[in-house]
A.B. asks: 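One structure coming up, written as structure tokens, with questions to follow.
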Amino acid sequence: MENQISKLLQQSISPDPNSRKEMQVKKLSVEGNIAVGKSTFLKLLSNTFQEWSFATEPLKKWQNVQSTSFQTMTSSKPPMDNLLQLMYDDPTRWSYTFQTFSCMSRFKIQIQPLSEQVLHQQEPVQIFERSVYSDRYIFAKTLYELQHLNEIEWTLYQEWHTFLIEEFSRRVALDGIIYLRASPEKCFQRLQKRARKEEKTLQCEYLEKLHDQHESWLTKKTTEVHFENMKNIPVLLLDVEEDFENNSAAGDDLNSRVKAFVAGL
Ligand SMILES: Nc1ncnc2c1ncn2[C@@H]1O[C@H](COP(=O)(O)OP(=O)(O)O)[C@@H](O)[C@H]1O
Ligand SMILES: Nc1nc2c(ncn2[C@H]2C[C@H](O)[C@@H](COP(=O)(O)O)O2)c(=O)[nH]1
């Protein structure tokens, strides 16, 4: 409710029609464990709600980091660094580096202006795959608890994360979260089926830790959240233990639940 009031206030004082329209956009993130089915779910949603805007996680950026200085110095093709692979091969060395890059890439996605096509919708909706919030409250927090981020790195991460969230404010605010939940064991089966090369050394225990982190943040609400508008954000919990990829009835049910949830925001 507070979110809607602040949006209406913002709309009433903002002169620019486009920024007024930006205020009307309902922004949601899809959250969930590794390999739970987020990308599959987003494809299902985008086929049904073709007028909505969808932004997937910039995984390819993390797998192909281009060293710009190398290119200018040598004018030959720079080496491609797979930061995701580096992070999994040596998490203590690379987790802080990874989180700075992953979080920056998520900020860039979340502050991206909406296309005219979406802005001209009667009720514009934007869906993100994960968010600057899960970057902190799921991954960075887990890596700190696993001691892959040391005290100084965790302190620094939280310092600049809080600064950027407060600076960007409404541009990175969300109106709702869709939480896809399946057991860590099911996610591990799907991870193995997908067989992403960087993830071949992952153990189910890591997924169990990430599962517990999602439960603390989104269902038990025991995670300390530092941003007022995120403390009581509406969460739609969708159980995706069962196959919805090859089961149209299950897919239809998910679509109708998302439609009702978005309408109520
Ligand atoms: N509900 C489901 N039932 C069975 N398999 C699924 C389901 N959702 C996703 N998958 C499969 O599991 C793997 C991981 O799905 P994906 O959408 O890539 O997960 P995420 O984006 O959350 O990492 C893929 O091989 C996909 O085909
Ligand atoms: N250490 C981190 N790893 C992350 C983060 N966001 C995603 N990931 C990893 C998890 C997967 O291996 C891969 C893509 O995620 P999916 O859930 O789509 O499979 O990237 C992060 O913030 N930190």
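Order of appearance sets the numbers: ligands from 1, and atoms from 1 within every ligand. The basis for the numbers below is simple: all heavy atoms, side chains too, and nothing from hydrogens, waters or symmetry mates.
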A.B. asks: In the protein, which heavy atom is nearest to atom 14 (C) of ligand 1, and how far is it?
C.D. replies: A35 O, 3.8 Å
A.B. asks: One pair per line, please: each N/O atom of ligand 2 matched with every protein N/O atom under 3.5 Å away, atom names first, then the distance to 0.1 Å.
C.D. replies:
residue: ligand 2; atom: 1 (N); partner: Q99; partner atom: OE1; Å: 3.1
residue: ligand 2; atom: 6 (N); partner: R106; partner atom: NH2; Å: 2.8
residue: ligand 2; atom: 12 (O); partner: Y88; partner atom: OH; Å: 2.7
residue: ligand 2; atom: 12 (O); partner: E199; partner atom: OE2; Å: 2.6
residue: ligand 2; atom: 15 (O); partner: E57; partner atom: OE1; Å: 3.4
residue: ligand 2; atom: 15 (O); partner: R130; partner atom: NH1; Å: 3.3
residue: ligand 2; atom: 17 (O); partner: K38; partner atom: NZ; Å: 2.7
residue: ligand 2; atom: 17 (O); partner: R130; partner atom: NH1; Å: 3.0
residue: ligand 2; atom: 17 (O); partner: R130; partner atom: NH2; Å: 2.8
residue: ligand 2; atom: 18 (O); partner: E57; partner atom: OE1; Å: 3.3
residue: ligand 2; atom: 19 (O); partner: R194; partner atom: NH1; Å: 3.2
residue: ligand 2; atom: 19 (O); partner: R194; partner atom: NH2; Å: 3.0
residue: ligand 2; atom: 19 (O); partner: R196; partner atom: NH1; Å: 3.0
residue: ligand 2; atom: 22 (O); partner: Q99; partner atom: NE2; Å: 3.2
residue: ligand 2; atom: 22 (O); partner: R106; partner atom: NH2; Å: 2.8
residue: ligand 2; atom: 22 (O); partner: D135; partner atom: OD2; Å: 3.4
residue: ligand 2; atom: 23 (N); partner: Q99; partner atom: OE1; Å: 2.6

A.B. asks: Which residue holds the protein heavy atom closest to atom 23 (O) of ligand 1, what is that atom called, and what is the gap in Å?
C.D. replies: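 For atom 23 (O) of ligand 1, the nearest protein heavy atom comes out as R194 NH1, 2.5 Å.
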A.B. asks: Taking a cutoff of less than 4.0 Å between a non-hydrogen atom of the residue and any ligand atom, is E241 in contact with ligand 1?
C.D. replies: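 Outside the 4.0 Å threshold, so no.
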A.B. asks: Between E205 and K209, does any side-chain N to carboxylate O distance fall below 4.0 Å?
C.D. replies: no
A.B. asks: By the salt bridge (charged side-chain N to carboxylate O under 4.0 Å, His left out) test, which pairs, at least two apart or in different chains, include something from residues 101-111?
C.D. replies: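 Sorted result for residues 101-111: E57-R106, R106-D135.
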A.B. asks: Mark yes or no for whether R130, through its side chain, and G32, through its backbone, hold a donor-acceptor pair below 3.5 Å.
C.D. replies: yes
A.B. asks: With a 3.5 Å distance limit and no angle check, can you tell me whether H161 reaches the backbone of L156 through a side-chain donor-acceptor pair?
C.D. replies: no
A.B. asks: Taking S53 for the side chain and Q126 for the main chain, is one N or O donor matched with an acceptor at less than 3.5 Å?
C.D. replies: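 Checking the backbone N and O of Q126 against the side chain of S53, no donor-acceptor pair under 3.5 Å is found.
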A.B. asks: Please classify the E242 to ligand 1 contact at 4.0 Å (heavy-atom distances, strictly less than): side chain, backbone, both or neither.
C.D. replies: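 Near ligand 1, E242 shows its backbone, while the atoms from C-beta on stay back.
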A.B. asks: For atom NZ of K60, is the number of surrounding heavy atoms from other residues, nucleotides or ligands below 6.0 Å larger than 12?
C.D. replies: no
A.B. asks: Would you mind listing which atoms of ligand 1 come within a distance below 4.0 Å of any non-hydrogen atom of G37?
C.D. replies: 8 (N), 9 (C), 15 (O), 16 (P), 17 (O), 19 (O), 20 (P), 22 (O)
A.B. asks: Give every residue pair that meets the side-chain hydrogen bond (donor to acceptor under 3.5 Å, both in side chains) criterion with at least one member in residues 252-265, sequence neighbours excluded.
C.D. replies: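 Those involving residues 252-265 are T48-N255.
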A.B. asks: Give the ring-plane orientation class for Y137 versus F227, where under 30° counts as parallel, over 60° as perpendicular and anything between as tilted.
C.D. replies: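 Y137 and F227: perpendicular rings.
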A.B. asks: Quick one: nearest non-hydrogen protein atom to atom 21 (O) of ligand 1, plus distance?
C.D. replies: S39 OG, 2.7 Å
A.B. asks: Tell me whether Q203 contacts the main-chain N or O of T201 through its side chain, where contact means a donor paired with an acceptor under 3.5 Å.
C.D. replies: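 Yes; at least one donor-acceptor contact below 3.5 Å.
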A.B. asks: Looking at E166 and F163, would you say the former's side chain and the latter's main chain have a donor-acceptor pair under 3.5 Å?
C.D. replies: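 Between the backbone of F163 and the side chain of E166 there is no qualifying donor-acceptor contact (under 3.5 Å).
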A.B. asks: Which ligand 1 atoms are under 4.0 Å away from a heavy-atom of T40?
C.D. replies: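 Listed by number with element, the hits are 9 (C), 15 (O), 16 (P), 17 (O), 26 (C).
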A.B. asks: Measure the shortest side-chain to side-chain distance between N150 and Y144 over non-hydrogen atoms and say whether it is less than 4.5 angstrom.
C.D. replies: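 They are not in contact (no side-chain heavy atoms under 4.5 Å apart), so the answer is no.
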A.B. asks: Once salt bridge (charged side-chain N to carboxylate O under 4.0 Å, His left out) is applied, what residue pairs with a partner in residues 33-52 remain, sequence neighbours excluded?
C.D. replies: none
A.B. asks: What about R196: any of its N or O atoms under 3.5 Å from an N or O on ligand 1?
C.D. replies: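 Looking only at distances, the answer is no, because the N/O contact criterion of under 3.5 Å is not met.
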A.B. asks: Which residue supplies the protein heavy atom nearest to atom 27 (O) of ligand 1, what is that atom called, and how far is it?
C.D. replies: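 Nearest protein contact, heavy atoms only, for atom 27 (O) of ligand 1 is E245 OE2, 2.8 Å.
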A.B. asks: Give the residue and atom name of whichever protein heavy atom lies nearest to atom 12 (O) of ligand 1, and the separation in Å to one decimal.
C.D. replies: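 Heavy-atom neighbour on the protein nearest atom 12 (O) of ligand 1: R190 CB, 3.3 Å.
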A.B. asks: May I ask you to list the atoms of ligand 1 that are less than 4.0 angstrom from any heavy atom of E129?
C.D. replies: 21 (O)
A.B. asks: Run the salt-bridge test on K193 and E245 with the 4.0 Å N-O cut-off and return the result as yes or no.
C.D. replies: yes
A.B. asks: If I compare all heavy atoms of V36 with all of R181, which pair ends up nearest, and what's the gap?
C.D. replies: CG2-C, 4.2 Å
A.B. asks: Using a plain distance cutoff, I'd like to know if I34 has any nitrogen or oxygen under 3.5 Å from a nitrogen or oxygen of ligand 1.
C.D. replies: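 No: no nitrogen or oxygen of I34 is under 3.5 Å from one in ligand 1.
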A.B. asks: When you measure from the heavy atoms of E57 to every atom of ligand 1, does any distance fall below 4.0 Å?
C.D. replies: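 E57 does not count as a contact of ligand 1 under the 4.0 Å cut-off.
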A.B. asks: What part of K193, side chain from CB on, backbone N/CA/C/O, both or neither, has a heavy atom under 4.0 Å from ligand 1?
C.D. replies: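 Side chain only; the backbone of K193 stays clear of ligand 1.
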A.B. asks: Could you tell me which atoms of ligand 1, counted from 1 in the order shown, lie closer than 4.0 angstrom to a heavy atom of K38?
C.D. replies: 17 (O), 19 (O), 20 (P), 21 (O), 22 (O), 23 (O)
A.B. asks: If you measure from each heavy atom of G32 to ligand 1, is any distance below 4.0 Å?
C.D. replies: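 G32: no contact with ligand 1 (<4.0 Å).
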